[in-house]
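Structure record follows, encoded as structure tokens.
Since the structure is predicted, the reported quantities are computational estimates derived from the model, not experimental observations.
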Amino acid sequence: LFNFKKFYLIVNHQADLIKSYFNSLQKNYKIKFIKEKRQLGTAGGLSLLDKKNISTNFILSNCDTLFKIDYQKLYQTHISDKNKMTIVVSKKLYEFPYGVCKIKSNKLISIKEKPVHKFIANAGLYLINKEIIKIIQKNKFLDMNDLIKNCLRKKIKIGIFYINPKDWTDIGRLSDLKKINNDI
């Protein structure tokens, strides 16, 4: 649908198993595997990319998240907003499973049973201009949140792209993986 033809997989843990799986597939796209000598974090691994051979703007995704979104719209938003990074976000509700007590001087002031909090969650999908790679130290561990904080400190323009909560699934937990297997 979106005609992606070139993928880079930055691998460390279970690298041989991952390579073996993808190499066994019949595919009409190319995968280049980049092996970390040690874990570098989601953002740190980007320092291993060859900046000459990647697109000006590229997509970075967490390995344990599935998306069903309009990538063309994401790209158009990124370009029209002149972002150096666009973070895909989604509204999430979290119900705290207990009553929350407000206390003052060892006396109960109020209690709220199972309050619901609303958050804007980072979904783990990013559209990044390759200029961002310049600020990442080679072969140094760096989480995505730290890269984002560094960009904000340097006043690099970061935008957001909202998606519906039903359009992404984090399969990093066994219960979520079982759910997606049932849905498929």
Side-chain angles (χ1 to χ4, degrees), residues 1-23 25 27-91 120-164 167-172:
L1 178 63
F2 295 104
N3 210 23
F4 295 125
K5 294 286 184 188
K6 192 165 146 186
F7 297 86
Y8 292 89
L9 293 183
I10 301 171
V11 294
N12 183 289
H13 181 68
Q14 300 286 352
D16 292 334
L17 180 64
I18 294 166
K19 284 182 186 179
S20 176
Y21 172 77
F22 281 103
N23 286 335
L25 298 175
K27 53 191 175 289
N28 60 351
Y29 50 88
K30 292 182 182 179
I31 297 178
K32 179 171 175 146
F33 296 96
I34 299 169
K35 175 83 165 92
E36 296 175 328
K37 291 179 182 165
R38 59 185 174 84
Q39 288 185 347
L40 297 176
T42 303
L46 295 176
S47 73
L48 304 176
L49 293 174
D50 180 1
K51 290 174 256 337
K52 292 179 220 132
N53 291 322
I54 62 171
S55 301
T56 301
N57 294 289
F58 62 93
I59 292 173
L60 173 67
S61 176
N62 291 354
C63 64
D64 59 358
T65 311
L66 300 175
F67 296 92
K68 185 176 62 178
I69 67 167
D70 185 339
Y71 289 93
Q72 186 66 35
K73 193 172 178 183
L74 168 61
Y75 182 79
Q76 289 169 344
T77 299
H78 177 77
I79 296 302
S80 66
D81 290 351
K82 298 179 178 147
N83 296 328
K84 292 297 178 187
M85 181 188 302
T86 300
I87 302 172
V88 175
V89 299
S90 182
K91 293 178 182 174
I120 303 297
N122 175 353
L125 184 68
Y126 314 86
L127 189 55
I128 300 173
N129 184 289
K130 69 180 179 180
E131 291 177 22
I132 296 288
I133 297 172
K134 293 176 189 174
I135 68 172
I136 301 171
Q137 289 183 338
K138 191 107 172 155
N139 289 313
K140 186 169 179 185
F141 186 91
L142 184 66
D143 277 327
M144 204 57 201
N145 286 345
D146 293 323
L147 174 60
I148 292 166
K149 288 175 191 173
N150 291 344
C151 289
L152 291 172
R153 269 194 297 277
K154 294 177 183 287
K155 306 223 183 298
I156 294 171
K157 188 170 182 194
I158 299 175
I160 58 162
F161 182 79
Y162 279 98
I163 61 171
N164 192 303
D167 291 338
W168 68 291
T169 305
D170 181 344
I171 57 171

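Between Phe7 and Phe22, the distance from one ring center to the other does not fall under 6.0 angstrom.
In this structure the side chain of Ile156 never reaches within 4.5 angstrom of the side chain of Met85, judged on heavy atoms. Within the 4.5 Å cutoff, side-chain heavy atoms of Ile120 are placed close to those of Tyr162. Contact of the Leu142 side chain with the Leu40 side chain is not registered, since no non-hydrogen atoms from C-beta on lie closer than 4.5 Å. Inter-residue side-chain proximity for Phe141 and Asp146 is flagged as unmet; no heavy-atom pair is nearer than 4.5 Å. Contact annotation: the side chain of Ile135 approaches that of Leu147 to within less than 4.5 Å [non-hydrogen atoms, C-beta and beyond]. Taking the side chain as every heavy atom from C-beta outward, Ile158 and Ile87 approach each other to under 4.5 Å.
Enclosure of atom NZ in Lys35 by more than 12 non-hydrogen atoms of other residues, nucleotides or ligands within 6.0 angstrom is indicated. Dense packing is recorded around NZ of Lys5, with more than 12 heavy atoms of other residues, nucleotides or ligands lying under 6.0 Å away. By the 6.0 Å contact criterion, NZ on Lys140 is open, its count of non-hydrogen atoms from other residues, nucleotides or ligands being 12 or less. The neighbour count for Lys30 NZ, taken as heavy atoms of other residues, nucleotides or ligands under 6.0 Å away, does not exceed 12.
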Going through the distances and angles, do Tyr8 and Phe58 end up as a ring-ring contact (aromatic ring centres under 6.0 Å, His included)? CA-CA 10 Å; Tyr8 292 89; Phe58 62 93; 8.5 Å; no
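When atom types are taken as modelled, the side chain of Asn23 and the backbone of Lys19 share a donor-acceptor pair closer than 3.5 angstrom. In this structure a side-chain-to-backbone donor-acceptor pair under 3.5 Å is missing from Lys84 to Asn129. Formation of a donor-acceptor pair under 3.5 Å by the Asn62 side chain with backbone atoms of Asp64 is not found in this model. The closest donor-acceptor contact from the side chain of Lys157 to the backbone of Asp81 lies under 3.5 Å. Under a 3.5 Å cut-off, the side chain of Thr77 and the backbone N or O of Lys73 do form a donor-acceptor pair. At distances below 3.5 Å, not a single donor-acceptor pair connects side-chain atoms of Asp143 with backbone N or O atoms of Asn145. Side-chain N or O atoms of Ser90 include one that pairs as donor or acceptor with a backbone N or O of Ile163 at under 3.5 Å. Side-chain atoms of Thr169 never come within 3.5 Å of backbone atoms of Leu66 as a donor-acceptor pair (strictly under, hydrogens ignored).
Checked options Leu60, Ile136, Ile133; the residue passing with Leu49 is Ile133 (criterion: side-chain contact (heavy atoms from CB on, under 4.5 Å)).
Note: Leu74 CG to Phe161 CZ = 5.0 Å, rounded to the nearest 0.5 Å. Residue Cys63 holds its SG atom at 11.5 Å from CD of Gln14, rounded to the nearest 0.5 Å. The line from OG1 of Thr42 to OH of Tyr126 is 6.5 Å long, rounded to the nearest 0.5 Å. Distance CD/Gln39 to CD1/Ile10: 13.0 Å, rounded to 0.5 Å. For the atom pair Leu48 CG and Ile34 CD1, the distance stands at 6.5 Å (nearest 0.5 Å).
Contact between Asn122 and Val89 at its shortest, heavy atoms only, is CA-CG1, 4.4 Å. Here the closest heavy-atom approach between residue Ser61 and residue Phe67 is recorded as OG-CE1, 3.7 Å. The two residues Cys151 and Ile132 come nearest to each other via the heavy atoms SG-CD1, 3.8 Å. Shortest non-hydrogen contact noted between Asn53 and Lys6 is O-NZ, 2.8 Å. Residue Ala121 comes nearest to Trp168 through the heavy atom pair CB-CZ2, 4.3 Å, listed as atom of the first residue, atom of the second, then distance. Closest approach of Lys130 to Lys51, counting heavy atoms only: NZ-O, 3.0 Å.
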